[in-house]
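In each ligand, atom 1 is the first atom listed, and ligand 1 is the first ligand listed. Residues take their numbers from the sequence shown, with the count starting at 1. All heavy atoms count here, side chains included; hydrogens, waters and symmetry mates do not. Just so we're clear, the structure is a prediction, and the values are computed from it rather than from any experiment.
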Amino acid sequence: MDHFQYAIFCLLALMRFGDKLDEDQIKKIEAIQRKILLRLGEVNVLNLFPVLSKIIFRKQWKELLQLRQDQENILIPLIKARIEAKGLGSESVAYVDSLVDLQLTDEKRKLNMGEIVSICAEFFNAGTDTTATELQWIMANLVKFPEIQEKVYQEIYQLVGGNQLGGILNEEDMQKLPYLKAVVLEALRRHPPGHFLLPHSVSEDTEFKGYVIPKNANVNVMVAELGWDPNVWGNPMEFKPERFLNSSNDHDHDEFDITGSREIKMMTFGAGRRICPGYALALLHLEYFVVNFVWCFKWKHVNGDTSSIDLSEKQKFIVVMKNPLQACIFPTVQST
Ligand code: HEM
């Protein structure tokens with residue numbers, strides 16, 4: 001799992017800052033992000049009465065502010081280096097460029113450095129563990145069900161055959177692999193990393209299916225239960241990617257609509273205005289890693305016994321594997 005997390009984190013860092021960071025820098029950002037995330041979970045109470053809590057929980061506030069300072073000390077030099085590189089004519093594109101250029105029209109100003117740090121940090125937090133955990137769920141299923149792994153492999157083989165010996169498959173190749181996409185969607189349905197969305201509320205009293213939801217009441221959407229609804233999905237607890245092949249009878253829309261804009265059958269990324277802004281990126285990254293993992297390596301359980309792969313869940317920040325996947329990888333013929 002650490003390897004998956006590290007790989008995703010490096011990729012997100014490259015997208016943020018437009019340049020590969022060295023391992024030491026990555027580890028530093030990762031460590032501070034994790035510390036803040038863990039600390040924030042513990043100090044929720046500080047939000048209740050901010051003024052009062054600053055006096056009562058002085059020590060906790062101080063620690064939190066120190067962590068924020070540490071975060072700025074790491075991220076601001078990277079943001080400044082990016083601004084400088086852009087000024088010197090760097091042709092690569094980075095997320096930080098958009099944040100630096102962004103004009104807040106209502107307030108007639110640009111983002112300040114503190115805000116840029118917060119937005120970069122939010123994207124690391126929201127994008128790393130979710131994607132890495134989902135990647136682990138997918139690979140666990142491919143190891144547990146070797147026939148599904150073989151189907152993914154054969155689909156790639158049919159597409160590129162011997163033309164791409166040992167090569168990496170790219171974004172264009174992935175568009176032609178419907179079974180791969182089905183595997184990713186099935187994992188997102190069966191093992192959503194968040195069993196609930198972020199809490200929502202209604203801005204006015206609202207009636208829904210005969211129930212009145214009062215203004216400002218918290219609304220929690222049960223994501224996992226939606227994806228496991230037996231009225232919508234046959235044998236919902238079974239891992240069956242085929243259910244996403246030709247999922248729509250509407251030939252104008254052959255692909256499954258994960259955004260729920262046509263019909264809501266699962267909500268792993270939410271739906272509507274507050275849908276996860278990173279959903280397309282997450283799908284791309286998951287497909288990219290899975291396709292190359294399977295093309296270059298055969299994945300097997302460490303002790304060779306697929307029945308010992310335990311798909312039980314454990315609730316951490318998100319829902320992770322209770323017993324993380326332990327796999328051995330063997331180079332496929334193509335990569336030798
Ligand atoms: C498998 C991967 C991912 C899953 C399952 C996932 C899921 C979600 C969900 C369920 C929400 C809450 C939506 C709601 O409350 O209605 C959310 C919010 C968010 N996600 Fe993702 N996400 C993933 C990856 C990413 C990535 C890669 C990024 C960015 C790099 C990202 C950025 C965000 C942000 C910034 C929010 C907060 C949006 C807001 O406050 O409105 N997520 N995500």
Student: Please work out which of Leu284, Ile138, Thr268 has its closest non-hydrogen atom nearest to atom 10 (C) of ligand 1.
Tutor: Thr268

Student: Identify whether the distance between the nearest side-chain nitrogen and carboxylate oxygen of Glu63 and Lys59 falls below 4.0 Å.
Tutor: yes

Student: Assign the ring pair Phe4 / Phe293 to parallel, tilted or perpendicular, where the plane angle (0 to 90°) is split at 30° and 60°.
Tutor: parallel

Student: Distance to 0.1 Å, residue and atom name: give those for the protein heavy atom nearest to atom 12 (C) of ligand 1.
Tutor: Leu198 CG, 3.8 Å

Student: Give the atom numbers and elements of ligand 1 that come within less than 4.0 Å of a heavy atom of Leu197.
Tutor: 10 (C), 14 (C), 15 (O), 16 (O)

Student: Is the backbone N or O of Leu226 less than 3.5 Å from a side-chain atom of Asp229, with the two atoms forming a donor-acceptor pair by type?
Tutor: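 No; zero donor-acceptor contacts below 3.5 Å.
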
Student: Which option out of Met15, His285, His191, His200 puts a heavy atom nearest to atom 14 (C) of ligand 1?
Tutor: His200

Student: Using only heavy-atom distances, determine whether the side chains of Glu150 and Gln154 contain a donor-acceptor pair under 3.5 Å.
Tutor: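 Present: a donor and an acceptor within the cut-off.
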
Student: Identify the closest protein heavy atom to atom 30 (C) of ligand 1: which residue and atom is it, and at what distance?
Tutor: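 Looking only at protein heavy atoms, the one closest to atom 30 (C) of ligand 1 is Phe123 CD2, 3.2 Å.
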
Student: My understanding is that only residues two or more places apart in sequence, or in another chain, count here; which of them pass side chain to side chain donor-acceptor pair (under 3.5 Å) with Arg189?
Tutor: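 In terms of side chain to side chain donor-acceptor pair (under 3.5 Å), with neighbours along the sequence ignored, Arg189 is linked to Glu186.
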
Student: When you measure from the centre of the six-membered ring of Phe123, is the NZ or CZ of Arg16 closer than 6.0 Å and no more than 45° off the axis?
Tutor: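 Judged by the rule, Arg16 and Phe123 form no cation-pi pair.
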
Student: Is NZ or CZ of Lys240 both nearer than 6.0 Å to the six-membered ring centre of Phe145 and within 45° of the ring axis?
Tutor: no

Student: Please work out, at 4.0 Å between heavy atoms, whether the side chain, the backbone, both, or neither of Arg16 comes within that distance of ligand 1.
Tutor: side chain

Student: Between Arg68 and Glu72 (salt bridge meaning N to carboxylate O under 4.0 Å), is one present in this structure?
Tutor: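 Answer for the salt bridge query: yes.
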
Student: What protein atoms of element N, O or S are positioned under 2.8 Å from atom 21 (Fe) of ligand 1?
Tutor: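 Listed by chain and number, the atoms are Cys276 SG.
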
Student: Identify the protein heavy atom lying closest to atom 39 (C) of ligand 1, giving its residue, its atom name and the separation to 0.1 Å.
Tutor: Arg274 NH2, 3.3 Å

Student: Quickly, which of Lys28, Gln33, Gln66 forms a side-chain hydrogen bond (donor to acceptor under 3.5 Å, both in side chains) with Gln71? Name it, please.
Tutor: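 Among Lys28, Gln33, Gln66, the one meeting side-chain hydrogen bond (donor to acceptor under 3.5 Å, both in side chains) with Gln71 is Gln33.
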
Student: Tell me whether the rings of Tyr157 and Trp295 are parallel (<30°), tilted (30 to 60°) or perpendicular (>60°).
Tutor: tilted

Student: Checking a contact table here: which protein heavy atom is nearest atom 5 (C) of ligand 1, and how many Å away?
Tutor: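 Residue, atom and distance for the closest contact: Pro193 CG, 3.5 Å.
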
